[in-house]
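Values in this document were obtained by computation on a predicted structure and should not be read as measured data. When reading the values below, keep in mind they use all heavy atoms of this one structure, side chains included, and skip hydrogens, waters and symmetry mates.
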Amino acid sequence: MNLTTLGRDGLMTGTGAAVTLSALGVPAAWPFVGKMYVHQYDPQAFFDAATTWLSAHDDVVATRLDVEALVAGVAVTDWRSEDGRAFQRRMDAYLADLRGVEIRAVVTAIVLYTAGAALAAMLLFQFLVAAAMAAVALWVLTAAVTPLSLASARLLAMQCLIKLFEGYQAVESMLDALLHGCAATLGAAVAVDVAAETVRGDRGGLNDLAAATFAQGPMLVWGTANRVERDLTAHGLSGRFPSSGPWSSARGGSPLPPGLSQVAGGKAVNDLMTGGQTVTGRFTPEQNADGSYSFPWE
């Protein structure tokens with residue numbers, strides 16, 4: 001199963017259901033569309049990254065075992081001078097560093113697998129929600145045979161969609177909390193290691209962290225701009241000014257000016273067809289062989 005395609009199919013199904021329900025006088029399905037547009041992921045990328053980290057873990061374990069064998073072959077027990085003890089301390093510290101790398105690699109892999117599984121579950125849940133919306137739309141469409149049954153169907157459909165949206169928001173909140181927890185775990189793993197080295201007087205880890213962060217600068221800037229574009233498009237699809245979050249304003253909840261929702265809809269279709277954001281997607285930074293990104297002036 002291609003999870004990315006499943007997410008796209010869920011969005012298309014949900015959008016079709018929302019359009020149908022809106023035409024039948026049930027606009028309560030539109031809030032789903034913007035959220036479904038936001039939740040378009042590629043969980044396989046997380047699984048692949050986790051596999052890479054596990055492979056790195058295996059390589060580090062093999063290196064550590066080789067080093068331990070070499071150190072044992074030196075017969076340090078017969079090397080009782082100050083140089084021998086200094087060598088032993090140095091190698092003990094080096095082996096401890098390797099064990100730390102092993103632990104961080106496993107933690108990172110577990111976090112990536114967890115995040116990928118959560119995103120995959122969200123895409124599946126979203127597809128099921130879209131299918132439920134389509135079923136509601138079909139039911140209202142069938143009930144449109146007589147005006148009396150249509151009025152009753154509209155009311156029941158509105159109640160169903162409101163409850164369904166509440167459930168969707170609850171699942172979305174759990175996903176958000178889980179992903180924030182994953183990010184915090186990765187950050188803590190790095191911070192603890194860097195802090196421990198700094199306390200021991202070794203600023204190498206801190207310098208490496210600063211250099212690595214700077215090397216990712218273009219991608220961090222682009223990623224922020226990409227998310228801003230995505231969020232604005234989602235708000236446009238909702239048809240209303242955002243009432244919460246960083247984009248909230250005094251006009252929150254009121255309808256957008258005529259035409260903006262249609263523009264957002266056209267842009268969303270282009271985003272799905274091209275596989276990226278219409279504006280920022282054209283300026284994705286190119287990654288260098290060492291994993292860094294070049295700044296425009298370089």
Side-chain angles (χ1 to χ4, degrees), residues 1 3-4 6-7 10-11 31-32 34-58 60 97 99-130 164-199 205-206 208-210 212-217 219-232 234-235 242-248 277 291:
M1 178 189 297
L3 294 170
T4 304
L6 182 67
L11 174 59
F32 288 92
K35 289 187 173 294
M36 288 183 173
Y37 170 79
V38 168
H39 295 294
Q40 297 295 308
Y41 307 112
D42 181 13
Q44 188 60 47
F46 288 80
F47 298 144
D48 292 343
T51 301
T52 300
W53 275 98
L54 287 180
S55 177
H57 165 267
D58 294 340
V60 175
D97 288 341
R99 292 189 186 93
V101 173
E102 294 172 26
I103 294 173
R104 290 196 300 276
V106 171
V107 169
T108 302
I110 292 174
V111 168
L112 289 173
Y113 273 127
T114 301
L119 296 179
M122 182 64 189
L123 290 177
L124 179 58
F125 170 75
Q126 184 164 271
F127 182 82
L128 294 176
V129 169
L164 186 62
F165 190 67
E166 291 176 353
Y168 187 100
Q169 287 181 307
V171 172
E172 186 182 44
S173 297
M174 289 189 290
L175 175 67
D176 185 65
L178 177 61
L179 294 181
H180 276 85
C182 289
T185 301
L186 289 179
V190 174
V192 168
D193 182 65
V194 172
E197 291 185 0
T198 304
V199 169
L206 184 61
D208 289 343
L209 177 61
T213 303
F214 182 77
Q216 300 296 312
M219 177 54 72
L220 294 174
V221 173
W222 177 84
T224 301
N226 189 262
R227 175 161 183 169
V228 168
E229 180 181 352
R230 184 204 68 178
D231 289 350
L232 291 177
H235 289 312
S243 57
S244 61
W247 307 105
S248 60
Q277 296 295 325

To the nearest 0.5 Å, what is the distance between [atom1] on [X] and [atom2] on [Y]?
| X | Y | atom1 | atom2 | value |
| --- | --- | --- | --- | --- |
| Q126 | K35 | CD | NZ | 10.5 Å |
| L119 | D42 | CG | CG | 9.5 Å |
| Q277 | N226 | CD | CG | 5.0 Å |
| L179 | M122 | CG | CE | 10.0 Å |

So, do [X] and [Y] sit near enough that their side-chain heavy atoms are less than 4.5 Å apart?
| X | Y | value |
| --- | --- | --- |
| L164 | F32 | yes |
| L175 | H39 | yes |
| D231 | R227 | yes |
| Q40 | R230 | no |
| L123 | Y41 | yes |

Who are the side-chain hydrogen bond (donor to acceptor under 3.5 Å, both in side chains) partners of R104, not counting sequence neighbours?
-> D193
D48 meets the side-chain hydrogen bond (donor to acceptor under 3.5 Å, both in side chains) criterion, sequence neighbours left out, with Q44
Verdict with supporting geometry, L112 and F47, side-chain contact (heavy atoms from CB on, under 4.5 Å) | CA-CA 7 Å; L112 289 173; F47 298 144; over 6 Å; no
Smallest separation among heavy atoms of [X] and [Y], with atom names:
| X | Y | answer |
| --- | --- | --- |
| G116 | P43 | O-CB, 3.5 Å |
| W53 | A105 | CE3-CA, 3.7 Å |
| G10 | A130 | O-CB, 3.2 Å |

Please confirm whether the backbone N or O of D176 pairs with a side-chain atom of H180, one donor and one acceptor, at under 3.5 Å?
-> yes
Which residue pairs satisfy the side chain to side chain donor-acceptor pair (under 3.5 Å) criterion with at least one member in residues 106-119, sequence neighbours excluded?
-> T51-Y113
What orientation do Y168 and F125 show, parallel under 30°, tilted 30 to 60°, or perpendicular over 60°?
-> tilted
